[in-house]
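Chain identifiers are assigned alphabetically (A, B, ...) following the order of the sequence lines, protein sequences preceding nucleic acid strands; residue numbering begins at 1 within each chain.
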Protein chains: 2
Amino acid sequence: MEYGSETLASLVKQFARMPGVGLKTAQRLALYLLRSKPEDVERLGTLVLELKDKVGFCQVCGSITEDEKCAICKDTSRNTETICVVEQPQDVLVLEKTGEYRGLYHVLHGVLSPIDGVGPDNINLAALEERVRKDKVKEVIIATNPSVEGDTTALYIAKALESGGCTVTRLARGLPVGGSLEFADEVTLARAIERREKL
Amino acid sequence: MEYGSETLASLVKQFARMPGVGLKTAQRLALYLLRSKPEDVERLGTLVLELKDKVGFCQVCGSITEDEKCAICKDTSRNTETICVVEQPQDVLVLEKTGEYRGLYHVLHGVLSPIDGVGPDNINLAALEERVRKDKVKEVIIATNPSVEGDTTALYIAKALESGGCTVTRLARGLPVGGSLEFADEVTLARAIERREKL
């Protein structure tokens, strides 16, 4: 009865389970809903329930969709000979925003991380190998994060696809556009010198 | 179709309306739910809908409750001659945690703020005056925040209750316990000197 209502207390607890939401924030959110217009609260509750029932992942690439296949996989104007491999569904959104890429995607839903017990069977990898084999893919662009796990995963995928006859590339590392040398970390800077491009 | 799902896009928008939640955070929360166990997501959605239907405010004091009267107003062991006036329902929770106070509460659901167009009629004030008149209240402790609006509201309430024959007090201002002089702001420090207590 800490909050004067079991429902409110449970809602605070449920909010607090979400990433980056502490108990104070959870309480603030729940109390905000209590003061909100009933139709807004109903809309939020309904959407959360609908999310569970309607939204899932594309059976081909693992992107977010409400159907079996996502909009990108269904789009016949996309270049089916290139697959861009990303860690999470939100990475697809970011890459699509650049407008630079016209190929397909493959979402791993994770990265290899032996410390956390995540091996090749725990991420969406077997499906990628099958797609590359079946769909005459010419290039696989690996766009995992530039982190230790992302790099490990990239190397693992490159090795696994070696015999398939397709080119495997990785997003370029270097200075971020609009950044300044002064604030670049040494590793990035060293990499930028090493991989310098001819003008 | 930015998110590959209308439902997901709407949920992100709805999350982003909550205080302190930006678009990036809203997206993170929605994608977290997408990866969560279905039963957890269902629980959250159901709780949000239940909040709207079941949880409201006490008809006497304005605290959070699922009934007509809140647990504190119903508790016959509480001292009914004292009313502590607070701005928001969460302030009741904080004060209850101290275990120091055994009287009743009154939640204003706001503070006087002429700039924002909040006058005496826009907060839960008339009900307080009626309670004081009817229930033989001996002391009203004003526990609005130590801010300009909180102080204004406190003065207004003191004036409004003047003729009622009850004592009106305000929470003490001074140095926070466990704090150090070095980090106290000047206004607080000046107040602490002015209101110094005899040892």
A.B. asks: Looking at CG of L34(A) and CZ of F57(B), how far apart are the two atoms once the value is rounded to the nearest 0.5 Å?
C.D. replies: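 Spacing of CG (L34(A)) from CZ (F57(B)) equals 4.0 Å.
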A.B. asks: Based on non-hydrogen pairs under 4.5 Å, which of L29(B), I72(B), T25(B), D67(B) is most in contact with chain A?
C.D. replies: L29(B)
A.B. asks: Starting from Y101(A), can I reach V107(A) by hopping between I/L/V/M/F/W/Y residues whose side chains sit under 4.5 Å apart?
C.D. replies: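 Per the 4.5 Å side-chain linkage, V107(A) and Y101(A) are co-clustered.
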A.B. asks: By a 4.5 Å heavy-atom criterion (distance strictly below it), what part of E96(A) contacts chain B: side chain, backbone, both, or neither?
C.D. replies: neither
A.B. asks: Under a 4.5 Å heavy-atom cut-off, does chain A meet the side chain of D40(B), its backbone, both or neither?
C.D. replies: both
A.B. asks: For E129(B), does the CD atom have more than 12 heavy-atom neighbours from other residues, nucleotides or ligands under 6.0 Å away?
C.D. replies: yes
A.B. asks: Under 4.5 Å from any heavy atom of chain A, what part of T46(B) do you find: side chain, backbone, both or neither?
C.D. replies: both
A.B. asks: I'd like to know which of C58(B), P38(B), C70(B), S63(B) tops the heavy-atom pair count under 4.5 Å against chain A.
C.D. replies: P38(B)
A.B. asks: Is the backbone of K52(B) close enough, under 3.5 Å, to the side chain of E42(A) for a donor and an acceptor to pair up by distance?
C.D. replies: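 The answer is no, because no donor-acceptor pair under 3.5 Å joins these two groups.
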A.B. asks: Which answer fits L11(B), side chain, backbone, both or neither, if we ask what part of it has an atom under 4.5 Å from a heavy atom of chain A?
C.D. replies: both
A.B. asks: Counting heavy-atom pairs closer than 4.5 Å to chain B, which one of P89(A), S10(A), P19(A) comes out on top?
C.D. replies: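 If we count pairs closer than 4.5 Å to chain B, P19(A) comes out on top.
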A.B. asks: Main chain of E6(A), side chain of E66(B): is a donor-acceptor contact present, judged purely on distance under 3.5 Å?
C.D. replies: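 Yes, E66(B) side chain to E6(A) backbone: donor-acceptor pair under 3.5 Å.
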A.B. asks: Are V86(A) and L93(A) linked, directly or through intermediate hydrophobic residues, by side-chain heavy-atom contacts shorter than 4.5 Å (ILVMFWY only)?
C.D. replies: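 Hydrophobic grouping puts L93(A) apart from V86(A).
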A.B. asks: Could you go through L33(A) and M18(B), starting from their C-alpha distance and side-chain angles, then the distance that decides it, and tell me whether this counts as side-chain contact (heavy atoms from CB on, under 4.5 Å)?
C.D. replies: CA-CA 8 Å; L33(A) 290 181; M18(B) 304 211 280; 4.1 Å; yes
A.B. asks: Looking only at heavy atoms, what is the nearest atom pair of Y3(A) and I64(B), with distance?
C.D. replies: O-CG2, 3.4 Å
A.B. asks: Do other residues, nucleotides or ligands put more than 12 heavy atoms under 6.0 Å from the CD atom of E186(B)?
C.D. replies: no
A.B. asks: Please look at L51(A) and chain B and tell me whether the side chain, the backbone, both or neither of the residue comes under 4.5 angstrom of a heavy atom of that chain.
C.D. replies: both
A.B. asks: Heavy-atom count check: over 12 atoms from other residues, nucleotides or ligands less than 6.0 Å from R17(A) CZ?
C.D. replies: no
A.B. asks: More than 12 non-hydrogen atoms from neighbouring residues, nucleotides or ligands closer than 6.0 Å to NZ on K74(B), yes or no?
C.D. replies: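 Buried by this count: over 12 neighbours within 6.0 Å.
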A.B. asks: Treating Ile, Leu, Val, Met, Phe, Trp and Tyr as nodes and any side-chain heavy-atom pair under 4.5 angstrom as an edge, say whether L23(B) and Y32(A) lie in one connected cluster.
C.D. replies: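 In one cluster: yes.
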A.B. asks: Name the member of R43(A), E50(A), R35(A), K54(A) that forms the most heavy-atom pairs with chain B at distances under 4.5 Å.
C.D. replies: R43(A)
A.B. asks: K13(A), Q14(A), Q27(A): which one forms the most heavy-atom pairs within less than 4.5 Å of chain B?
C.D. replies: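 Of the options given, most contacts go to Q14(A).
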A.B. asks: When heavy-atom pairs shorter than 4.5 Å are enumerated against chain B, which of V55(A), D53(A), V21(A), T65(A) gives the highest number?
C.D. replies: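 Heavy-atom pairs under 4.5 Å are most numerous for V55(A).
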A.B. asks: Against chain A, label V92(B) side chain, backbone, both or neither, depending on which of its atoms sit under 4.5 Å from a heavy atom there.
C.D. replies: neither
A.B. asks: Mind checking the CD-CG spacing from Q88(A) to L31(B)? Nearest 0.5 Å is all I need.
C.D. replies: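 Here the rounded value is 8.5 Å.
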A.B. asks: Could you tell me which portion of K97(A) (side chain, backbone, both or neither) has an atom closer than 4.5 angstrom to a non-hydrogen atom of chain B?
C.D. replies: side chain
A.B. asks: By a 4.5 Å heavy-atom criterion (distance strictly below it), what part of T7(B) contacts chain A: side chain, backbone, both, or neither?
C.D. replies: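 Answer is both: backbone and side chain atoms of T7(B) are under 4.5 Å from chain A.
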A.B. asks: Are V60(A) and V132(A) joined in one hydrophobic group, where the rule is that I, L, V, M, F, W and Y side chains link up if heavy atoms are under 4.5 Å apart?
C.D. replies: no
A.B. asks: More than 12 foreign heavy atoms under 6.0 Å from CD of E100(B): is that the case here?
C.D. replies: no
A.B. asks: Report whether V111(B) and V148(B) are members of the same hydrophobic cluster (ILVMFWY, side-chain heavy atoms less than 4.5 Å apart, transitive linking).
C.D. replies: no
